[in-house]
> 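Attaching a single structure in C-alpha cells format; questions to follow.
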Amino acid sequence: MTTLLTPYMTLLIAAAAAATFATRIGGYILVKRLKHMPPRLEAALNAVPAAVLTTLVAPAFFYGEIDVKVAMAAAFLIGLRFGAIPMLIGGWAAVMLMRQFLG
C-alpha cells in the first residue's frame, strides 16, 4: 500500500465526499419542499454565483503578478463588449503574451 492511500486518508476522502453530497442534496431538498420561494431567498440564491466568482478572482488579482492583473483587466474590457468565450480567449492571450515577453 502506498503512503498516499492509507486507511485514514481513504476515510477522510469518503467523509469529505459524504459531507459535500449532504450539503448539496440538503439544499436541493429544502428548496423543493417550499411551495413558494420567498423573494429574499431567491435574491440570495441569485447572488451566490457572483459571490463565488469574487472569492476566486479577488485574491488572484491582489496577490498576482502584473501579468495576471493585465490579463484580468483585458478580460474585463473584452467582457464588457463581447461574450464569455471571447473574454476567456482574450484573457488567456493577454497572460500568455505578458509571460512570453516579460518573463
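All values derive from a computational prediction rather than experimental measurement.
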> Measuring from atom CD1 of Ile25 to atom CG of Leu30, what distance do you get when rounded to the nearest 0.5 angstrom?
12.0 Å
> Nearest 0.5 Å, what's the CE-CZ distance between Met72 and Phe62?
10.0 Å
> Please answer: with hydrophobic residues joined when any side-chain heavy atoms are less than 4.5 Å apart, are Phe21 and Tyr28 in the same cluster?
yes
> Please report the closest heavy-atom contact between Ala75 and Gly91, naming both atoms and the distance.
CB-CA, 4.0 Å
> With sequence neighbours excluded, give me every side chain to side chain donor-acceptor pair (under 3.5 Å) pair touching residues 10-23.
none
> The criterion is side chain to side chain contact (heavy atoms under 4.5 Å, CB included); which residues satisfy it with Pro49, sequence neighbours excluded?
none
> If you group Ile, Leu, Val, Met, Phe, Trp and Tyr whenever their side-chain heavy atoms sit less than 4.5 Å apart, what else falls in with Ile85?
Ile89
> Of all residues at least two apart in sequence or in a different chain, which pass the side chain to side chain contact (heavy atoms under 4.5 Å, CB included) check with Glu42?
Met37, Asn46
> Step by step, work out the side-chain contact (heavy atoms from CB on, under 4.5 Å) result for Val95 and Val70.
CA-CA 7 Å; Val95 79; Val70 169; over 6 Å; no
> Atom CG in Leu80, atom CE in Met87: separation rounded to 0.5 Å?
9.5 Å
> Let me check something: any side-chain donor-acceptor pairs from residues 51-61 under 3.5 Å, sequence neighbours excluded? List them with distances.
{"from": "Thr54", "atom 1": "OG1", "to": "Ala50", "atom 2": "O", "distance (Å)": "2.8"}
{"from": "Thr55", "atom 1": "OG1", "to": "Val52", "atom 2": "O", "distance (Å)": "2.7"}

> For a 4.5 angstrom cut-off between non-hydrogen side-chain atoms, does Leu34 reach Leu41?
yes
> Return each pair, listed once, that meets side chain to side chain donor-acceptor pair (under 3.5 Å) where at least one residue sits in residues 59-77; pairs must be two or more places apart or across chains.
Asp67-Arg99
